[in-house]
Amino acid sequence: MKEWTEAVQNMIEWIENNIEQNRILENLSKAIGYSPWYCSVLFHNVTGMTLKSYASGRRLARATEEIRDTDERILDIAIKYGYSSQEALSKSFKEQFGCTPAAYRKAPIPIPLRIHKVVLFPDYEEERMITMEKSRVAVSVEHIPAHKYLGIWEKNADNYGDFWKYHNCDEVCGFVTSMDKMAHPIVTAHTAGWKQTDGKKIYFYGTGVENDYDGPVPEGFEIREFPESDYLVFSYPAFDYMTENADVMGAVEALAWNFDPASMGYEWNENACQDYQRHYPEKLGYQILRPVKKA
């Protein structure tokens with residue numbers, strides 16, 4: 001039921017904002033207004049995992065991101081996130097990721113972080129108040145230098161929804177999130193898209209990396225190289241995900257897939273490069289990037 005999903009999403013957001021607290025379940029119960037038992041049962045029914053395991057995974061993931069991205073002492077990070085000692089954090093870290101926090105800080109590698117989970121999505125079957133302004137759909141030109149892409153190309157999928165029928169979203173996104181620091185500055189982590197071959201679109205998901213990246217490749221992923229190219233960027237600025245997502249994506253994709261690049265002096269360059277998709281509703285908005293070359 002929708003109200004259950006909303007309740008669990010509220011639990012998830014509370015955990016995210018209070019991850020440093022001890023006694024998560026007890027404090028969550030007081031904040032949400034359900035008994036600890038009911039919180040646990042509802043969370044498991046909606047997400048398929050226990051609340052305790054989710055909170056523990058997020059605590060370790062948040063600590064890992066600080067180990068990777070800051071110069072704070074590992075001891076201080078351990079205490080901040082509720083570990084009794086640096087040794088306790090190191091033990092959990094090594095059990096989960098196969099290396100110590102110190103080794104990871106020195107040489108970050110792709111690891112399966114527990115991502116911030118989302119269970120509440122727009123209901124596209126309901127009547128919606130359409131607030132997007134079609135005049136804000138735009139076309140611009142962007143140059144992306146030569147780069148590598150670390151990801152999964154799913155030959156059986158041509159869209160985001162179908163992609164996850166063949167892959168575990170939490171696991172794949174966990175690896176990609178762990179690559180934030182090593183990601184390409186333009187083709188960032190979670191930049192997905194399509195590779196077009198003989199008129200067929202194959203959906204992919206992962207992250208761009210610099211040309212000199214020679215780190216490990218997680219099981220199921222592969223790494224490919226792409227040359228520099230100009231891209232036509234079809235975009236809509238930041239919007240409300242819950243009320244506008246379907247309309248925004250539909251408007252941008254209608255323009256992107258039916259556009260004639262000759263009107264701007266270009267032709268498609270999709271034999272050499274791939275199409276990218278940026279979907280960050282509340283920050284960037286929605287964009288489709290199609291590679292082009294001068295006609």
Side-chain angles (χ1 to χ4, degrees), residues 5 9 12 46-48 110 112-126 128 132 137 142 144 149-180 183-184 186-197 199-209 218 220-224 226 231-259 270 273-291:
T5 305
Q9 190 66 58
I12 290 170
V46 172
T47 67
L113 294 181
R114 169 73 69 194
I115 62 169
H116 180 183
K117 196 164 184 64
V118 177
V119 297
L120 183 63
F121 300 97
D123 188 341
Y124 298 127
E125 300 305 318
E126 291 186 351
R128 298 185 312 277
M132 66 161 288
V137 179
E142 180 177 329
I144 298 180
Y149 189 91
L150 176 68
I152 299 171
W153 285 261
E154 179 48 63
K155 60 181 176 56
N156 296 308
D158 63 3
N159 62 77
Y160 179 87
D162 285 347
F163 181 90
W164 299 116
K165 294 177 182 178
Y166 302 95
H167 303 280
N168 184 297
C169 180
D170 289 350
E171 289 181 3
V172 172
C173 290
F175 276 114
V176 174
T177 297
S178 78
M179 292 290 292
D180 276 349
H184 192 272
I186 299 175
V187 186
T188 57
H190 303 287
T191 299
W194 302 265
K195 183 71 181 84
Q196 299 204 38
T197 305
K200 180 183 179 182
K201 293 179 187 174
I202 295 175
Y203 197 82
F204 61 83
Y205 195 94
T207 179
V209 291
F221 285 68
E222 60 179 297
I223 194 162
R224 300 182 183 181
F226 296 96
Y231 287 74
L232 294 188
V233 183
F234 305 90
S235 63
Y236 190 91
F239 60 91
D240 182 77
Y241 174 67
M242 292 303 295
T243 62
E244 299 177 282
N245 191 63
D247 303 301
V248 168
M249 292 184 70
V252 171
E253 292 177 11
L255 179 61
W257 302 130
N258 295 285
F259 193 79
E270 287 162 329
C273 301
Q274 54 188 7
D275 304 319
Y276 287 117
Q277 179 189 48
R278 296 170 176 157
H279 186 245
Y280 304 100
E282 283 77 21
K283 295 182 179 179
L284 175 71
Y286 184 55
Q287 297 181 351
I288 290 179
L289 294 81
R290 297 185 65 181

Quiz item: Yes or no on side chain to side chain contact (heavy atoms under 4.5 Å, CB included) for Thr188 and Tyr280, after CA distance, side-chain angles and deciding distance?
Solution: CA-CA 12 Å; Thr188 57; Tyr280 304 100; 3.8 Å; yes
Practice problem: Show the numbers, then the answer: is there a side chain to side chain contact (heavy atoms under 4.5 Å, CB included) between Lys201 and Asn159? | Solution: CA-CA 9 Å; Lys201 293 179 187 174; Asn159 62 77; over 6 Å; no
Exercise. Would you sort out whether Arg290 and Phe259 count as a side chain to side chain contact (heavy atoms under 4.5 Å, CB included), showing the intermediate values?
Key: CA-CA 10 Å; Arg290 297 185 65 181; Phe259 193 79; 5.5 Å; no
Exercise. I would like to know whether His184 and Thr207 meet side chain to side chain contact (heavy atoms under 4.5 Å, CB included); could you show each step before the answer?
Key: CA-CA 7 Å; His184 192 272; Thr207 179; 5.9 Å; no
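The existence of a salt bridge linking Glu222 and Lys195 is excluded, since no basic side-chain nitrogen approaches an acidic carboxylate oxygen closer than 4.0 Å.
Nearest approach of Ile288 to Ala256, heavy atoms of both residues: CG2-CB, 3.9 Å. Across all non-hydrogen atoms, the minimal contact from Ala192 to Tyr203 is CB-OH, 3.3 Å. Heavy atoms only, all atoms of each residue included: Ala251 and Val137 are closest at CB-CG2, 4.0 Å. Residues Asp180 and Ala189 share a closest heavy-atom pair of OD1-CB, 3.1 Å. Residues Gln274 and Pro291 approach most closely at O-CD, 3.7 Å, considering heavy atoms.
Aromatic ring pairs are classed by plane angle as parallel below 30°, tilted from 30° to 60° and perpendicular above 60°; the pair Phe204 and Tyr149 is perpendicular. A perpendicular orientation is assigned to the rings of His279 and Tyr241, their planes being inclined by more than 60° (bins at 30° and 60°).
In this structure, Phe234 has its ring center no closer than 6.0 Å to that of Trp257.
Separating the CD atom in Gln287 from the CG atom in Leu232 is a distance of 12.5 Å, to the nearest 0.5 Å. One finds the CZ atom of Arg224 at 11.5 Å from the CG atom of Leu150 (value rounded to the nearest 0.5 Å). How far CG of Leu289 is from OG1 of Thr191: 8.5 Å, rounded to the nearest 0.5 Å. With rounding to the nearest 0.5 angstrom, the CG atom of Asp275 is 12.0 Å from the CD1 atom of Ile202. Rounding to the nearest 0.5 Å places OH of Tyr231 at 9.5 Å from CD of Glu142. One finds the OG1 atom of Thr177 at 11.5 Å from the NE2 atom of His116 (value rounded to the nearest 0.5 Å).
Among residues two or more places apart in sequence or in another chain, the side-chain contact (heavy atoms from CB on, under 4.5 Å) test is passed with Val119 by Thr5, Val8, Gln9, Ile12, Val46, Thr47, Lys117.
With hydrogens and angles ignored, the 3.5 Å screen pairs a side-chain donor or acceptor of Ser178 with a backbone N or O of Phe175. At least one donor-acceptor pair under 3.5 Å links the side chain of Asn258 to the backbone N or O of Ala254. Without hydrogens or angle criteria, Tyr236 side chain to Val252 main chain gives no donor-acceptor distance under 3.5 Å.
Side-chain atoms of Tyr286 and Glu253 form a donor-acceptor pair, as typed in the model, at a separation below 3.5 Å.
The shortest side-chain heavy-atom distance between Met179 and Pro110 falls under the 4.5 Å cut-off. In this structure, Leu120 and Met242 have side chains that are in contact, with non-hydrogen atoms separated by less than 4.5 Å. Residues Asp158 and Lys200 fail the side-chain proximity criterion, which asks for heavy atoms closer than 4.5 Å.
Test Trp194, Trp164, Phe221 against Tyr205 for ring-ring contact (aromatic ring centres under 6.0 Å, His included) and you get one pass: Trp164.
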